[in-house]
Amino acid sequence: MAGSGTAHMRTAAERVLVVDDMVVEFPVGRKQVVHAVSGMNLDLLPGETLGILGESGCGKSSAGRAVMQMPKPTSGRVSLGKRELTGLKVRELRGARARMQMIMQDPISSLNPRRKVRDLVAEGLAIWGYDGDDKDASIRETLEAVGLDPDVVWDRRPHELSGGQCQRVCIARALMMNPDVLICDEPVSSLDVSVQAQILNLLERTKENYDLSMIFIAHDVSVVKNISDRVMVLYLGKTCEVLPSGGLQDEALHPYTRMLISSIPGEEARAETPESPHDEVEVPLSASATELPSPLNPPSGCRFRTRCPLATDLCAAEEPVMREVGAGHFLACHHVAVPDGDAPRLTVLSDEENVAG
Ligand SMILES: Nc1ncnc2c1ncn2[C@@H]1O[C@H](COP(=O)(O)OP(=O)(O)OP(=O)(O)O)[C@@H](O)[C@H]1O
Ligand code: SF4
Ligand SMILES: [Mg+2]
């Protein structure tokens with residue numbers, strides 16, 4: 001299936017979250033449609049962090065929100081544990097969805113400015129109608145877990161806190177719901193550099209302490225690589241590569257992934273010269289720093305073809321199918337060959353050779 005990921009590789013019993021062929025489209029005007037996410041598959045194991053990487057506008061937030069059913073995807077299925085969320089009615093969905101929480105990019109605007117920290121952290125509990133005697137103790141405990149002193153912040157409102165403190169409040173609010181899955185959408189990109197590492201450390205610690213699985217969305221390759229177990233690379237709404245994050249720099253093969261890696265300082269040279277069995281071929285993968293095409297009218301065939309230095313007629317005519325090219329390594333590109341007993345590599349076969357192969 002084009003654009004498929006890894007969902008079929010693991011048994012249903014061990015997966016916390018499964019996303020199957022998810023499509024997110026936004027109608028614009030009478031006739032046009034934004035193709036934000038086109039046939040995404042993913043799965044998440046207990047305790048795993050899956051990074052979703054891609055440049056601005058490639059559909060990361062749309063995917064994260066659709067997984068949360070905010071709003072529901074246009075089509076496809078999302079299952080949290082054994083429950084399929086996409087088929088639930090609004091009332092049923094509220095409870096089921098609570099086990100999955102989302103942390104947004106801009107913490108200040110995701111907090112109601114009129115509410116105090118103690119009320120903000122307890123906000124989600126209204127879903128359960130919970131107002132037990134131990135509520136305050138539980139809020140205090142959670143605030144401490146995210147590195148905030150309850151005695152100091154208890155009655156403060158968001159404008160009296162720093163950006164980092166607001167993000168800690170958002171994390172506390174999510175933890176109060178005792179989630180299985182935390183979806184973090186660029187949780188540090190609006191924060192000062194000095195605070196970013198603290199929040200990333202907090203998220204990692206929190207994941208361990210609260211036994212969470214995590215989806216970590218970002219456009220920064222280094223951040224995603226460091227925090228994730230696996231990375232999914234998204235381009236214009238399509239998954240182009242999924243691989244263990246440890247192999248991101250040396251084993252990633254998709255030309256788009258290589259282009260993203262070339263944006264890391266010091267990685268330009270390595271990204272530009274992937275191994276090729278055709279010695280005469282030079283592949284300047286960092287050269288195509290052109291703009292993302294419009295998701296209103298995505299390119300035919302491979303969506304990356306208008307920026308890909310390896311693109312051929314085949315790339316315009318046919319959408320590449322997602323294939324497994326190594327252990328836990330999947331990608332969709334016509335020009336990645338997997339020679340028998342050898343490591344997969346980028347090749348520039350002619351279209352005739354490619355089709356024959
Ligand atoms: N509600 C909406 N209505 C119409 N188009 C939308 C809507 N939400 C997102 N889009 C469009 O969908 C595409 C994907 O947007 P999305 O916000 O998911 O990308 P992103 O990868 O999260 O980008 P960024 O890194 O800038 O946050 C973009 O072209 C965006 O303009
Ligand atoms: S399928 Fe073609 S256009 Fe797409 S990434 Fe591969 S070589 Fe480039
Ligand atoms: Mg976004």
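Numbering of ligands and ligand atoms starts at 1, following listing order. Residue indices begin at 1 and follow the sequence shown.
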For H254, atoms of ligand 2 separated by under 4.0 Å from a heavy atom: 5 (S)

Looking only at protein heavy atoms, which one is nearest to atom 1 (S) of ligand 2, and what is the separation? H334 N, 3.3 Å

Check C333 against ligand 2 and report side chain, backbone, both or neither, counting heavy atoms closer than 4.0 Å. both

So for ligand 1, is H219 a polar contact partner (N or O within less than 3.5 Å, distance only)? no

Nearest-neighbour protein heavy atom for atom 14 (C) of ligand 1, which is reported as residue plus atom name and distance: G57 O, 3.5 Å

Please write down residue, atom name and distance for the protein heavy atom closest to atom 9 (C) of ligand 1. F26 CE1, 3.6 Å

What protein heavy atom lies closest to atom 2 (Fe) of ligand 2? Include the residue and the distance to one decimal. C315 SG, 2.3 Å

Using a 4.0 Å cut-off to any heavy atom of S62, which atoms of ligand 1 qualify? 9 (C), 14 (C), 15 (O), 16 (P), 18 (O)

Report, as yes or no, whether the 6.0 Å neighbourhood of atom CD on E141 holds more than 12 heavy atoms from other residues, nucleotides or ligands. no

For P255, the ligand 2 atoms whose distance to one of its heavy atoms is below 4.0 Å: 5 (S)

Here the atoms of ligand 2 under 4.0 Å from any heavy atom belonging to R305 are 3 (S)

Are any non-hydrogen side-chain atoms of N112 and D119 less than 4.5 angstrom apart? no

Quick one: look up the protein heavy atom nearest atom 19 (O) of ligand 1 and list residue, atom name and how far away it is. G59 N, 3.3 Å

Of all the non-hydrogen atoms in the protein, which one sits nearest to atom 4 (Fe) of ligand 2, and at what distance? C302 SG, 2.3 Å

Report whether any nitrogen, oxygen or sulfur of S62 sits less than 2.8 Å from the Mg ion (ligand 3) (N, O or S, backbone or side chain). no

Among all protein heavy atoms, pick the one closest to atom 25 (O) of ligand 1 and tell me residue, atom and distance. K60 NZ, 2.8 Å

Please check if a non-hydrogen protein atom sits closer than 4.0 Å to atom 30 (C) of ligand 1. no

Starting from atom 8 (Fe) of ligand 2, locate the nearest protein heavy atom and write down its residue, its atom name and how far away it is, to 0.1 Å. C308 SG, 2.3 Å

Going by the order shown, which atoms of ligand 1 are within less than 4.0 Å of some heavy atom of E186? 25 (O)

Below 4.0 Å, non-hydrogen atoms only: which portion of C58 touches ligand 1? Side chain, backbone, both or neither. both

Would S56 count as being in polar contact with ligand 1, using the rule that some N or O on each side must be under 3.5 angstrom apart? yes

Out of L236, V33, V34, who gets a non-hydrogen atom closest to atom 12 (O) of ligand 1? V34

Can you list the atoms of ligand 1 that are under 4.0 Å from a heavy atom of A36? 12 (O)

Considering only non-hydrogen protein atoms, determine which one is nearest to atom 27 (O) of ligand 1 and report residue, atom name and distance to 0.1 Å. S61 OG, 3.8 Å

Check: D185/S61 side-chain N/O donor and acceptor closer than 3.5 Å: yes

Return a yes/no value: protein heavy atom under 4.0 Å from atom 5 (N) of ligand 1? yes

G54 near ligand 1, heavy-atom distance under 4.0 Å? no

